[in-house]
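Report on the structure given below.
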Amino acid sequence: MRILNISILLGLLLGCSQPPSTEVVNNQPGSASQEEHRFNVILNGNVVGHLYATHQNNDISIDYDFKSNGRGPAYKEQVSLNAKGIPQSWRISGNTTFGNPVEEQMQIHAGQATWRDATGPGEARIDSNALYVPQNSSPYQAYIMARALMQTEGKSMAALPAGTLNLTALETLQVQSEEGPVTLNTFALAGADLDPDYLILDGNKQFFAYITPRLIVIREGFEAEETKLRQLSAKYSTERFEALQSEFAHHYQGAVRIRNVRVFQPQRLSLSEPVSVLVNGENITAIEPLDIATQAGETEIDGAGGTLIAGLYEMHAHTGDDDALMNVLAGVTSVRDMGNALDVLDELKNKIDSGVLAGPRITRYGMIEGKSPSNNNNGILVETQEQAIAAVHTYAEHGFDGVKLYNSMKGEWAPAIADEAKRLNMRVTGHVPAFSNANAMIRAGFDEMTHINQVMLGWVLKPTEDTRTLLRLTALDRLPALDLSSPAVQETLDLMVENQVAIDPTLAIHEYLLLSRNGETRAGVRDYIDHMPPGVQRSAKVSLAKVASPEQDQAYRGAYEQILTTLKMMKERGIQLLPGTDLGGAFNQHRELELYQQLGFSPAELLKLGSYDMANYLGHADRGSIEPGKLADFFLVPGNPTEDIKAIKAISLVSRGGVFYYPSEVYPSFGIKPFTNIPKVKAPASL
């Protein structure tokens with residue numbers, strides 16, 4: 001799961017319950033009774049929040065709040081249902097994960113639906129039943145929608161503002177309570193986004209849980225079941241993506257000849273003459289002139305004069321099975337995972353490596369986080385330096401290539417952790433622990449810094465200010481007043497050069513944070529957002545952070561310019577930039593590379609940076625360029641991305657180790673409109 005989409009991941013859950021989590025309040029005679037249904041939010045095994053839903057007749061009041069990593073969403077909602085369980089009014093107030101205020105409302109009257117959310121007002125004439133999908137809401141919305149869909153013949157209904165919602169029953173199981181076994185039924189709710197949401201109802205069709213591989217919202221009193229039920233979500237998601245892999249992964253028998261392509265040559269920053277590229281098994285076996293005929297037994301793919309590029313690297317991923325496939329379809333065939341649940345990542349990597357799931361090759365860095373009231377609930381949580389060093393050993397024993405330290409770590413532990421990691425041939429990276437700064441971490445032995453804000457905050461924060469909160473984002477509004485020629489700035493850059501410390505800046509997420517505004521389609525998605533499902537298009541018009549005033553608006557815009565200038569200075573001084581997103585990669589990785597043009601990179605240099613340079617940085621001699629003997633990890637685009645980097649969005653073919661995917665064939669399964677045509681494939685002639 002990517003940290004940026006957690007509001008979406010959490011945004012579809014909840015419902016009613018029974019004892020011990022239901023409390024009936026008797027009012028005065030003649031008044032309706034109230035029922036309060038109570039649920040806990042659990043993230044990676046830690047209780048991080050609550051959801052309370054109070055029902056009175058057809059009205060529901062919802063109180064939802066959870067916090068992890070110093071941030072989280074909080075919503076108060078009022079919903080009124082008609083006799084069919086369809087919301088007729090919905091009012092939501094609160095804030096999103098990153099503090100953007102929420103004031104959303106919807107009402108249906110006399111066949112007319114009107115609403116207002118962060119994108120502005122909307123309306124629609126309703127000729128039949130329709131379910132409004134809130135832009136920002138508590139998880140309870142999934143249960144409300146599921147109950148309404150259960151009353152329809154096909155368990156399907158039109159969605160507002162657009163799309164169609166569908167409910168599918170999955171399986172029946174039991175859990176134990178003090179009163180005996182409780183029968184549960186699991187469901188998939190699809191149509192609101194790229195992927196379905198999974199929820200669980202009891203035998204009385206009351207809400208019991210909403211499940212994801214990392215997070216669960218579960219009825220109070222059943223917390224002991226959370227691991228078992230979370231694993232169901234992983235199972236369902238895996239089954240879905242296994243089916244997609246089975247349907248769309250092309251395993252050709254014998255050699256494959258991709259005819260009439262121009263190969264990007266990163267060492268020369270240029271394209272080859274038109275050639276044919278041969279693949280056999282996992283590897284590239286030859287690059288041949290076009291006048292060599294296709295041989296008997298070879299499958300021929302018509303490259304139509306397009307450009308063949310070595311697979312890209314996403315250097316800041318938090319991999320899941322959903323974005324694993326999306327990355328491959330976007331030509332991202334290698335990722336560096338920068339923090340994940342150990343068991344989840346192990347299983348995912350094994351399934352990708354064995355071909356059960358589509359996904360990139362994964363280089364793993366393990367997160368080590370200190371315990372605090374605002375710690376990140378990811379990776380291994382530690383309370384002492386000894387525990388932190390033990391975590392390094394755990395990751396080493398599992399074959400990880402590096403460790404990543406996080407904000408609630410004690411900075412004074414960093415030197416010992418770094419020494420032990422390097423003794424075990426592991427790289428060290430991470431955030432700057434609270435009350436420390438980048439200089440101290442570089443001196444402690446960091447090989448690279450993660451996120452450009454983590455470096456720059458050391459130049460504007462006071463030593464007592466706590467970066468375990470949203471301050472590490474909101475304090476960026478101080479950057480416009482910073483003199484980038486000052487001794488403090490130059491000292492950090494000098495240390496990075498002297499110690500050969502790289503930077504994983506995640507520039508795209510800073511663009512999103514600092515420049516997105518409510519009601520405006522954010523710049524990073526404008527080139528492709530029209531291809532996305534309605535829910536994704538709608539979410540692209542929401543600010544990530546709270547912009548409280550015109551002065552703060554200008555400060556954030558100025559902060560982004562200061563970030564660009566700082567990264568230009570780093571590039572000019574030879575500091576290695578590592579392109580990654582912390583946004584799931586795929587299309588966002590394309591944007592990360594595009595933004596680097598503002599730092600002085602040419603399109604050809606960016607193709608090299610995103611593939612060849614990252615392979616060399618990570619010591620992967622088997623990939624990064626299209627040459628005989630290397631892995632067949634590459635993608636084909638009709639255009640020429642050495643002239644326009646945006647051409648990499650229109651991908652017609654991807655090979656991941658000799659398994660071929662045609663994105664235009666797969667995208668409709670996610671509600672995505674294809675970007676280009678599928679290449680012509682000619683079956684092999686008889687031997």
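Nothing here was measured: the structure is a model prediction, and the numbers come from that model. All values below were derived from every heavy atom in this structure, side-chain atoms included, with hydrogens, water molecules and symmetry-related copies excluded.
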Exercise for the section: Assess whether side chain to side chain donor-acceptor pair (under 3.5 Å) is satisfied between Asp582 and His318, documenting all intermediate values. Expected result: CA-CA 7 Å; Asp582 203 14; His318 297 277; 3.2 Å; yes
Practice task
Go through the steps to decide whether Thr566 and Val489 satisfy the test side-chain contact (heavy atoms from CB on, under 4.5 Å), and finish with yes or no.
Solution key: CA-CA 9 Å; Thr566 300; Val489 173; 5.7 Å; no
Exercise for the section: Check the pair Ile503 / Val455 against side-chain contact (heavy atoms from CB on, under 4.5 Å), numbers first and verdict last. Expected result: CA-CA 9 Å; Ile503 177 73; Val455 174; 3.9 Å; yes
Exercise for the section: Evaluate the side chain to side chain donor-acceptor pair (under 3.5 Å) criterion for residues Ser374 and Lys67: first the C-alpha distance (whole Å), next the side-chain angles of each, then the deciding distance (0.1 Å), finally the verdict. Expected result: CA-CA 8 Å; Ser374 53; Lys67 296 291 180 289; over 6 Å; no
Handout entry: Verdict with reasoning, Glu223 to Lys228, per salt bridge (Lys or Arg N to Asp or Glu O under 4.0 Å)
Key = CA-CA 10 Å; Glu223 291 80 6; Lys228 170 185 173 182; over 6 Å; no
Problem - Thr492/Asn439 under side chain to side chain donor-acceptor pair (under 3.5 Å): CA gap, chis, key distance, verdict - result: CA-CA 6 Å; Thr492 301; Asn439 294 5; 2.6 Å; yes
Exercise for the section: In sequence, state the C-alpha distance, the side-chain angles, and the governing distance for Thr212 and Ser233, and then conclude on side chain to side chain donor-acceptor pair (under 3.5 Å). Expected result: CA-CA 5 Å; Thr212 81; Ser233 171; 5.3 Å; no
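In this structure, the side chains of His398 and Leu342 come closer than 4.5 Å at one or more pairs of heavy atoms. The side-chain heavy atoms of Leu244 and Leu325, taken from C-beta on, include a pair separated by under 4.5 Å. Contact check for Met449 versus Ile442: side-chain heavy atoms found under the 4.5 Å cut-off. Counting heavy atoms from C-beta outward, Thr97 and Pro73 have side chains that approach closer than 4.5 Å. Between Gln576 and Leu609, the closest side-chain pair of non-hydrogen atoms falls below 4.5 Å. A 4.5 Å side-chain heavy-atom check between Arg443 and Leu495 finds at least one atom pair inside the cut-off. Using a 4.5 Å heavy-atom threshold, the side chains of Ser372 and Arg468 count as touching. Proximity of Tyr560 to Leu476: side-chain heavy atoms (C-beta onward) are nowhere separated by under 4.5 Å.
Note on Arg240 versus Asp195: salt bridge recorded, some NZ/NE/NH1/NH2 to OD/OE distance being below 4.0 Å. Taking the charged nitrogens against the carboxylate oxygens, Arg364 and Asp346 do have a contact shorter than 4.0 Å, which makes a salt bridge. Salt-bridge formation is not detected for the pair Lys410/Glu369: no Lys NZ or Arg NE/NH1/NH2 atom is positioned less than 4.0 Å from an Asp or Glu carboxylate oxygen. Ion pairing of Lys462 with Glu465 is absent here, as no side-chain N (NZ or NE/NH1/NH2) approaches a carboxylate O to less than 4.0 Å. Using a cutoff of 4.0 Å between basic side-chain nitrogens and carboxylate oxygens, Arg522 and Glu511 are not scored as salt-bridged.
Between the side chain of Thr429 and the backbone N or O of Glu448 there is at least one donor-acceptor pair closer than 3.5 Å. Formation of a donor-acceptor pair under 3.5 Å by the Glu314 side chain with backbone atoms of His316 is found in this model. The closest donor-acceptor contact from the side chain of Arg623 to the backbone of Asp633 lies at 3.5 Å or more, if one exists at all. Between the side chain of Glu242 and the backbone N or O of Val356, no donor-acceptor pair lies under 3.5 Å. The closest donor-acceptor contact from the side chain of Asn327 to the backbone of Asp323 lies under 3.5 Å. Not a single donor-acceptor pair under 3.5 Å links the side chain of Ser436 to the backbone N or O of Val432. With hydrogens and angles ignored, the 3.5 Å screen pairs a side-chain donor or acceptor of Thr384 with a backbone N or O of Gln387. Proximity of a side-chain donor or acceptor of Asn340 to a complementary backbone N or O of Thr319 within less than 3.5 Å is detected. With Gln562 contributing its side chain and Leu479 its backbone, the two residues share a donor-acceptor pair below 3.5 Å. Using modelled atom types, one side-chain atom of Ser354 and one backbone atom of Lys351 make a donor-acceptor pair closer than 3.5 Å.
Rounded to the nearest 0.5 angstrom, Gln598 CD and Leu507 CG are separated by 7.0 Å. Once rounded to the nearest 0.5 Å, the distance linking CG of Asp504 with CG of Leu577 reads 9.5 Å. With values rounded to the nearest 0.5 angstrom, Leu567 atom CG is found 9.5 Å from Phe601 atom CZ. Note that the CZ atom of Arg230 and the CG atom of Leu232 stand 11.0 Å from one another [nearest 0.5 Å]. The CG atom of Leu544 sits 8.0 Å away from the CG atom of Leu473 when rounded to the nearest 0.5 Å. Rounding to the nearest 0.5 Å places CG of Asn46 at 11.0 Å from CG of Leu215.
With a 6.0 Å cutoff to the six-membered ring centre and a 45° limit on the axis angle, Lys649 does not count as a cation-pi contact of Phe587. The cationic atom of Arg336 (NZ for Lys, CZ for Arg) lies less than 6.0 Å from the six-membered ring centre of Tyr365 and within 45° of the ring axis.
Screening Lys404, Lys422, Arg427 for a salt bridge (Lys or Arg N to Asp or Glu O under 4.0 Å) with Asp447, the sole residue that qualifies is Lys422. When Asn40, Leu43, Leu229 are each tested for a side-chain contact (heavy atoms from CB on, under 4.5 Å) with Ile216, only one passes: Leu229. Each of His510, His431, Arg472 was evaluated against His451; a single residue qualifies, His431, per the side-chain hydrogen bond (donor to acceptor under 3.5 Å, both in side chains) test.
For the residue pair Ser408 / Lys371, no side-chain donor-acceptor distance below 3.5 Å is found, with atom types taken as modelled. Asn377 and Ser68 share a side-chain donor-acceptor pair at under 3.5 Å.
Residues Ile309 and Pro641 approach most closely at CD1-CG, 3.4 Å, considering heavy atoms. Nearest approach of Ala388 to Met409, heavy atoms of both residues: CB-CE, 4.3 Å. For the pair Phe241 and Asp322, the tightest heavy-atom approach, listed with the atom from each and the gap, is CZ-CA, 3.3 Å. Between Pro360 and Val332, the shortest heavy-atom distance links the atoms CB-O, 3.6 Å. Here the shortest heavy-atom pairing between Tyr661 and Ala358 reads OH-CB, 3.5 Å. Taking every heavy atom of both residues into account, Ile575 and Leu493 meet most closely at CD1-O, 4.2 Å.
For Tyr236, the ring pair (Phe, Tyr, Trp, His ring centres under 6.0 Å) partners are Tyr198, not counting sequence neighbours. Judged as a salt bridge (charged side-chain N to carboxylate O under 4.0 Å, His left out), and not counting sequence neighbours, the contacts of Asp613 are Lys608.
Below 30°, between 30° and 60°, or above 60°: for Tyr395 and Phe400 the angle between ring planes is between 30° and 60°, a tilted geometry.
Counted within 6.0 Å of CD on Glu491, heavy atoms from surrounding residues, nucleotides or ligands total more than 12; the atom is thus considered enclosed. Environment of NZ in Lys646: sparse, with no more than 12 heavy atoms of neighbouring residues, nucleotides or ligands closer than 6.0 Å.
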